[in-house]
Student: 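Pasting a structure below so you can have a look.
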2 protein chains.
Amino acid sequence: MTTIKDVAKLANVSTATVSRVLNSNGYVNSATKERVKQAIEQLNYLPNDVARSLFKGRSKMIALFVPDIMNPYFPELARAVEDVTNRYEYTFVLCNTDDDIEKELTYLSALQQKSVDGFIIVSSTISEEHISKINAPIVALDRILSSKLSSVTVNNREGARQAVQFLKSIGCKRIAHICGPEHAGNTKTRLQGYLDEVQDEDWFISSYILPGEFNFEIAKQSTMKLLKDHPEIDGIFAGNDLMGAGALSAAANLGISVPADLSVIGFDGIALGETTTPSLTTMAQPIYDIGSKAAEMLVQQIDDNQISIRSEEFKVVLTERQSTISRR
Amino acid sequence: MTTIKDVAKLANVSTATVSRVLNSNGYVNSATKERVKQAIEQLNYLPNDVARSLFKGRSKMIALFVPDIMNPYFPELARAVEDVTNRYEYTFVLCNTDDDIEKELTYLSALQQKSVDGFIIVSSTISEEHISKINAPIVALDRILSSKLSSVTVNNREGARQAVQFLKSIGCKRIAHICGPEHAGNTKTRLQGYLDEVQDEDWFISSYILPGEFNFEIAKQSTMKLLKDHPEIDGIFAGNDLMGAGALSAAANLGISVPADLSVIGFDGIALGETTTPSLTTMAQPIYDIGSKAAEMLVQQIDDNQISIRSEEFKVVLTERQSTISRR
DNA sequence: TTGAAAGCGCTAACAT
DNA sequence: ATGTTAGCGCTTTCAA
């Protein structure tokens, strides 16, 4: 490894001068600057970021915590965060937490020890108490972790309502809901939106609500059971697209035709929804925008070095595809 | 931030002693060790990893380069690498390169500056020349970058052959192939396997080979065109599952029934293949095993600190699902 | 068994 | 405009 000393020696200046041209601050004669640059070039010198970090107490790294990288929602999100952090010359660290508090805490302290500059966190388990121990900026994503944190979310409840309204508008008379896992914050909000729309309907019974996981196979199995027990169901609002795809697959397996006999709508708007047959109607989140906004907010907080809490709520938008059709 | 000095002061010892208990090396009286531990506990002290890295020249970080994090193959792979690296207490850094050599080189030097301990790289563009400038261990994944590097791959050509053989065995008489992008190393190998099986058939014509991208929509469009131009086709071997899903969707759009009139087989074995209707038969890679093996090899190379080049080739296995059925 | 001190590579006062 | 130096927090000789 060649160091700043080597450069200094070759250019016949002090390390301070080299540092000055490296960071383009302080005065430095243009002739010597040239010499230094030459030396840097010649030695193929790259500054040691670790030494820099040690001095500055900051590492130019940003971490993103996601509960499940295998759920396509999160790679899309990660992609957005990566793009923004790169633009600001941060190194991007992606952490997969399984929504497991132990893993989250392990990551949190490991990264703090590395002087990571900030966190973007999607979590249902991290509490205010844990957060108070972190002294780097945090932006909560997808779910609000604390009123003391900036956050970027979507209108889950309203979006869920719109999904059900849409099913009604195309003529569905018996609408079921597949929930996400109980521990996820989203699950309750989306369920609430569903209930807003159906609980006063005379046809509504609680067995139209399916407990679930954000998982294709489990959703498929429970939908099969649902459709067997309740053949009258003609509309399904799935808590996310992965489960929506599961519902589609369940219907196909039972020989129920979608959308002719059953309409299905999901939530999230991941690319997977376009690959199913029929393709999946969904309440689409502006996933990329959400991720970039969170990253932008975090970078700003890091730079400003002041606590300005901001909350952004994006709106989901109905994206009609083949899994729903008017039956009127 | 509390430092080793604070601990030393509180425990009434030197920083050297604290360091010794921290790293459990060197002699230290069990009584003082106890005192130090108490102090650490009391101050909630966590060692500064940056300072450690500076001293050691190593950072306990491992990076994985993937060309496209939105292709579900890579999250599955990343998941495996993450699990292994975590087990060895490395921090895992995921880099999305878009198969763009500029981005790759930027990442490479940024991470070298951070003293990253090793790289696992999936790339079609990085050359021997670039590699020679890196002085951290590298494991090539999915594609072989250099004979000087350890690598983990699958039997692409043989696997492709098996895919086509399988289509033949169930009675397909006209088999087309959707290729991946030209720049990807895999593309050629899988195409070669296809050719091994079909080029001597009297029905074979070169327009049965479709250029493509590892992308759902593009595969869908070009398959639609193919099936319109060549209605005689009764089997498709897609270069990967994403494109296989595209072919499925194309057939559905044209009212061609799969598997009754057309059989489709993919390559990779990603979870997506189970979510399509019909689900996708595929030559499945042991994705998780591949990722873990690569990570294990890298960790070992880092620890051993010696250049032992090893190559592992995994075998793909035929996974029959609904998109193929015997027509005999 | 423990401590003093040098040094990892860099930056920023402070001096000149 | 440039150099000297202290110090970021840690580990490791070397000496005691």
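The basis for the numbers below is simple: all heavy atoms, side chains too, and nothing from hydrogens, waters or symmetry mates. In the text below, chain A, chain B and the rest are named by the order of the sequence lines, each starting its count at 1.
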Student: Is any side-chain N of the basic residue among B:Arg79 and B:Glu76 closer than 4.0 Å to the acidic one's carboxylate O?
Tutor: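 Answer for the salt bridge query: no.
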Student: Each nucleotide in nucleotides 6-16 of chain C should get exactly one letter: B, S or -. Can you fill that in based on protein heavy atoms under 4.0 Å?
Tutor: -BBBSBB----
Student: I'd like to know if A:Arg143 pairs up with A:Asp99 as an ion pair, taking the criterion as any Lys NZ or Arg NE/NH1/NH2 lying under 4.0 Å from an Asp or Glu carboxylate oxygen.
Tutor: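 Salt bridge between A:Arg143 and A:Asp99, a charged N being under 4.0 Å from a carboxylate O: yes.
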Student: Is there a donor-acceptor pair under 3.5 Å between the side chain of A:Thr85 and the backbone N or O of A:Val81?
Tutor: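 Here the side-chain-to-backbone pair exists.
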Student: Need one value for A:Thr32: base, sugar-phosphate or nothing, where a base atom within 4.0 Å counts as base even if backbone is also close, heavy atoms only.
Tutor: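 Result for A:Thr32 = sugar-phosphate.
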Student: At 10 degrees resolution, what angle do the end axes of the helix from C:dT1-D:dA16 to C:dT16-D:dA1 form when each is taken over five base pairs?
Tutor: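 End axes: 50° apart.
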Student: Run the salt-bridge test on B:Glu296 and B:Arg87 with the 4.0 Å N-O cut-off and return the result as yes or no.
Tutor: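 Looking at B:Arg87 together with B:Glu296, the answer is yes, because their closest N to O distance falls below 4.0 Å.
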Student: So, applying side-chain hydrogen bond (donor to acceptor under 3.5 Å, both in side chains) with B:Ser150, which one of B:Arg310, B:Gln301, B:Glu312 is it?
Tutor: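 Filter result, single survivor: B:Gln301.
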Student: Side chains of residues 46-53 of chain A: which donor-acceptor pairs under 3.5 Å do they make with residues two or more places apart or in other chains?
Tutor:
unit_1: A:Asn48; atom_1: OD1; unit_2: A:Val50; atom_2: N; d: 2.7
unit_1: A:Asn48; atom_1: OD1; unit_2: A:Ala51; atom_2: N; d: 3.1
unit_1: A:Asp49; atom_1: OD2; unit_2: B:Lys114; atom_2: NZ; d: 3.3
unit_1: A:Ser53; atom_1: OG; unit_2: A:Asp49; atom_2: O; d: 2.9
unit_1: A:Ser53; atom_1: OG; unit_2: A:Arg58; atom_2: O; d: 3.2

Student: Not counting sequence neighbours, which residues clear ring-ring contact (aromatic ring centres under 6.0 Å, His included) with A:Phe74? List them please.
Tutor: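 Not a single residue meets the ring-ring contact (aromatic ring centres under 6.0 Å, His included) criterion with A:Phe74.
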Student: Between B:Lys60 and B:Glu89, does at least one N-O distance fall below 4.0 Å, as a salt bridge requires?
Tutor: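 Judged by the 4.0 Å cut-off on N to carboxylate O distance, B:Lys60 and B:Glu89 do not form a salt bridge.
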Student: Quick one: how far along DNA chain D does chain A reach, first to last nucleotide 5' to 3', anything under 4.0 Å to a heavy atom?
Tutor: D:dA1 to D:dG9
Student: Donor-acceptor pairs are to be reported for all side-chain atoms of residues 19-26 of chain A against protein atoms at under 3.5 Å, with residues two or more places apart or in another chain.
Tutor:
unit_1: A:Ser19; atom_1: OG; unit_2: A:Asn23; atom_2: ND2; d: 3.3
unit_1: A:Asn23; atom_1: ND2; unit_2: A:Ser19; atom_2: O; d: 2.8

